[in-house]
Amino acid sequence: MTLFANYIISLAGIKKLKGVIITGAGKAFSAGGDLKWASAYSAGPSSALHELSSRFHQAITEIRKLDRPVIAAVNGIAAGGGFSLALACDFRIMTESAVLKQGYTSSGLSLDGGGS
């Protein structure tokens with residue numbers, strides 16, 4: 001996610017850039033955080049989620065600061081952080097099969113990534 005935030009920052013310097021489209025590869029726009037990765041993280045799952053959330057918030061902030069339109073092309077499920085990522089964009093274009101799911105509340109967690 002830090003690379004993603006750095007990529008958004010670098011886009012701001014391209015004068016000919018008219019806008020940005022963010023989409024997912026495969027069947028999902030973004031299914032949210034990788035809980036398998038977090039549970040296997042060497043410093044423990046809470047450290048993994050803390051690190052991931054700070055990087056994720058940085059990426060959301062950079063999207064909101066970009067002075068060009070950002071479009072979320074939602075091609076499948078956008079769950080948890082993916083839902084918040086889609087909301088951070090200026091516009092959302094969705095396929096008929098796209099699904100928006102606020103996964104945090106289903107897990108007893110508070111909203112993240114500006115979703116609230």
Side-chain angles (χ1 to χ4, degrees):
M1 200 53 78
T2 298
L3 291 175
F4 182 69
N6 291 342
Y7 184 70
I8 296 295
I9 292 168
S10 69
L11 292 175
I14 302 172
K15 294 185 189 287
K16 291 185 178 185
L17 181 73
K18 301 295 184 193
V20 175
I21 299 174
I22 299 172
T23 193
K27 296 180 181 181
F29 174 74
S30 173
D34 185 346
L35 299 180
K36 288 181 182 177
W37 168 82
S39 64
Y41 193 70
S42 61
S46 71
S47 293
L49 293 174
H50 179 73
E51 181 180 336
L52 182 62
S53 69
S54 65
R55 292 179 181 186
F56 179 58
H57 290 148
Q58 179 188 9
I60 296 292
T61 299
E62 297 306 327
I63 288 170
R64 298 303 309 141
K65 287 175 22 181
L66 195 64
D67 63 352
R68 279 97 165 187
V70 179
I71 300 167
V74 183
N75 58 318
I77 189 161
F83 179 82
S84 297
L85 178 62
L87 289 180
C89 296
D90 299 302
F91 301 97
R92 282 148 298 285
I93 299 171
M94 300 170 55
T95 64
E96 288 185 26
S97 62
V99 175
L100 301 175
K101 182 175 180 358
Q102 190 47 269
Y104 299 106
T105 54
S106 301
S107 303
L109 301 170
S110 62
L111 299 180
D112 199 6
S116 56

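Quick caveat: nothing in here was measured; it's all calculated off a predicted structure. Atom set for the values below is all heavy atoms of this structure, side chains included, hydrogens, waters and symmetry mates excluded.
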> Do the side chains of I22 and I14 join up, straight or via other hydrophobic residues, at under 4.5 Å, putting them in one cluster?
Replying inline: yes
> Would you say R68's side chain and V20's backbone share a donor-acceptor pair under 3.5 angstrom?
Replying inline: no
>> Is the shortest side-chain heavy-atom distance between I63 and L85 below 4.5 Å?
In response: yes
>> Is it the case that atom CD1 in I21 sees more than 12 heavy atoms from other parts of the structure closer than 6.0 Å?
In response: no
> Do the side chain of N75 and the main chain of G26 share a donor and acceptor less than 3.5 angstrom apart?
Replying inline: yes
> Are side-chain heavy atoms of I60 and K65 found at a separation under 4.5 Å?
Replying inline: no
> I93 and V74: same hydrophobic cluster, using ILVMFWY side-chain contacts below 4.5 Å?
Replying inline: no
> For F56 and S84, which heavy atoms make the closest approach, and how far apart are they?
Replying inline: CZ-CB, 4.0 Å
> For R92 and L100, what are the C-alpha separation, side-chain angles and deciding distance, and is it a side chain to side chain contact (heavy atoms under 4.5 Å, CB included)?
Replying inline: CA-CA 11 Å; R92 282 148 298 285; L100 301 175; 5.8 Å; no
>> Testing the basics here: between F83 and K101, what is the closest heavy-atom pair and its distance to 0.1 Å?
In response: CB-O, 3.7 Å
>> Tell me the closest heavy-atom pair linking I77 and A28, and the distance in Å.
In response: CG2-CB, 3.7 Å
>> Taking F29 as the starting point, is it possible to reach L87 by hopping between hydrophobic residues whose side chains are less than 4.5 Å apart?
In response: yes
